[in-house]
Amino acid sequence: IKYFWNAVHSFNEEQKKQFLMFVTGSDRAPIKGLGDMIFIISRHGPDSEILPSAHTCFNHLLLPDYDSEEKMKEKILLAIQNAHGFGLA
C-alpha cells in the first residue's frame, strides 16, 4: 500500500484526474470532498504483468502485489491512460 500512495502522490494533476476516473467513473471529487469518499484497495494476486482493475460503482481498486514501486506506478499509469469506459458522447 505504501508503494501505491507514493505512486499516486507523484502523479501530475491530469494523471490524478485519470486515476479518479479509473476508480470512481468520474474525474471530479464528490460533493462532500474526497475525505468523505469510501475507497477500497484489494490485493489482486501476486506480482504479475496484469494491470490493475476497478469496480467503479464501489470505488474499489484491484491491485496486484507488484514487487517494486516503479512497476506499480508503470502499471497504474498504463491502466489509467488506456481505460475507456462506457462514456456517452
Side-chain angles (χ1 to χ4, degrees):
I1 296 297
K2 183 179 178 181
Y3 288 165
F4 167 77
W5 287 114
N6 287 342
V8 171
H9 287 299
S10 74
F11 292 169
N12 63 37
E13 289 303 310
E14 183 59 30
Q15 291 167 330
K16 287 178 183 176
K17 287 176 77 171
Q18 289 175 325
F19 177 75
L20 193 58
M21 174 65 96
F22 181 76
V23 176
T24 69
S26 174
D27 65 352
R28 300 176 195 274
I31 292 172
K32 293 183 179 182
L34 293 173
D36 210 41
M37 183 179 88
I38 295 174
F39 177 61
I40 302 165
I41 304 170
S42 294
R43 183 175 182 259
H44 189 71
D47 180 44
S48 70
E49 294 304 313
I50 64 171
L51 298 176
S53 59
H55 298 291
T56 56
C57 292
F58 304 104
N59 303 334
H60 186 181
L61 178 67
L62 301 169
L63 192 63
D65 189 16
Y66 298 117
D67 63 3
S68 73
E69 187 172 334
E70 188 58 37
K71 184 174 184 179
M72 178 177 288
K73 181 177 179 179
E74 174 188 318
K75 296 296 184 184
I76 293 171
L77 286 172
L78 187 59
I80 67 175
Q81 291 169 348
N82 292 286
H84 301 286
F86 299 102
L88 302 175

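Residue numbers count from 1 along this sequence. What you see is a predicted model, and the numbers here were worked out from it, not measured in a lab.
Proximity of a side-chain donor or acceptor of Asp27 to a complementary backbone N or O of Lys17 within less than 3.5 Å is not detected.
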Item to complete: Please assess Lys73 against Phe11 for the test side-chain contact (heavy atoms from CB on, under 4.5 Å), listing each intermediate value before the final yes or no.
Response: CA-CA 9 Å; Lys73 181 177 179 179; Phe11 292 169; 4.0 Å; yes
Worksheet item: Between Glu69 and Lys2, is a side-chain contact (heavy atoms from CB on, under 4.5 Å) present by the stated rule, with each step listed?
Response: CA-CA 9 Å; Glu69 187 172 334; Lys2 183 179 178 181; over 6 Å; no
Discussion item. I'd like to know whether Leu61 forms a side-chain contact (heavy atoms from CB on, under 4.5 Å) with Phe19, so could you lay out the CA-CA distance, the side-chain angles of the two residues, the decisive distance to 0.1 Å, and finally the verdict.
Written reply: CA-CA 10 Å; Leu61 178 67; Phe19 177 75; 4.1 Å; yes
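Side-chain contact check for Lys75 versus Pro64: every heavy-atom pair is 4.5 Å or farther apart. Here the side chains of Ile76 and Phe22 are not in contact, with every heavy-atom distance at 4.5 Å or above. Under the 4.5 Å side-chain criterion, counting only non-hydrogen atoms from C-beta, Leu63 is in contact with Met72.
Minimum heavy-atom separation, Asp47 to Lys71: OD1-NZ, 3.0 Å. The two residues Leu51 and Leu78 make their nearest non-hydrogen contact at CD2-CD2, 3.7 Å.
Note that the CD atom of Gln15 and the CG atom of Leu77 stand 5.0 Å from one another [nearest 0.5 Å]. Atoms NE2 and OG, from His55 and Ser42 in turn, are 8.0 Å apart once rounded to the nearest 0.5 Å. Atom CD1 of Ile41 sits about 11.5 Å away from atom CG of Asn59, to the nearest 0.5 Å. Distance CD/Glu49 to OH/Tyr66: 8.0 Å, rounded to 0.5 Å.
Atom CG of Leu34 has more than 12 heavy atoms from other residues, nucleotides or ligands within 6.0 Å. Applying the 6.0 Å contact sphere to CZ of Arg28 captures no more than 12 heavy atoms from other residues, nucleotides or ligands. When the shell of 6.0 Å around CZ of Phe39 is examined, it contains more than 12 heavy atoms from other residues, nucleotides or ligands.
The aromatic rings of His9 and Trp5 lie tilted to each other, with the angle between the two planes from 30° to 60°.
In the hydrophobic clustering of this structure, Phe4 does not group with Leu62; members are Ile, Leu, Val, Met, Phe, Trp, Tyr whose side-chain heavy atoms approach within less than 4.5 Å, directly or through other members.
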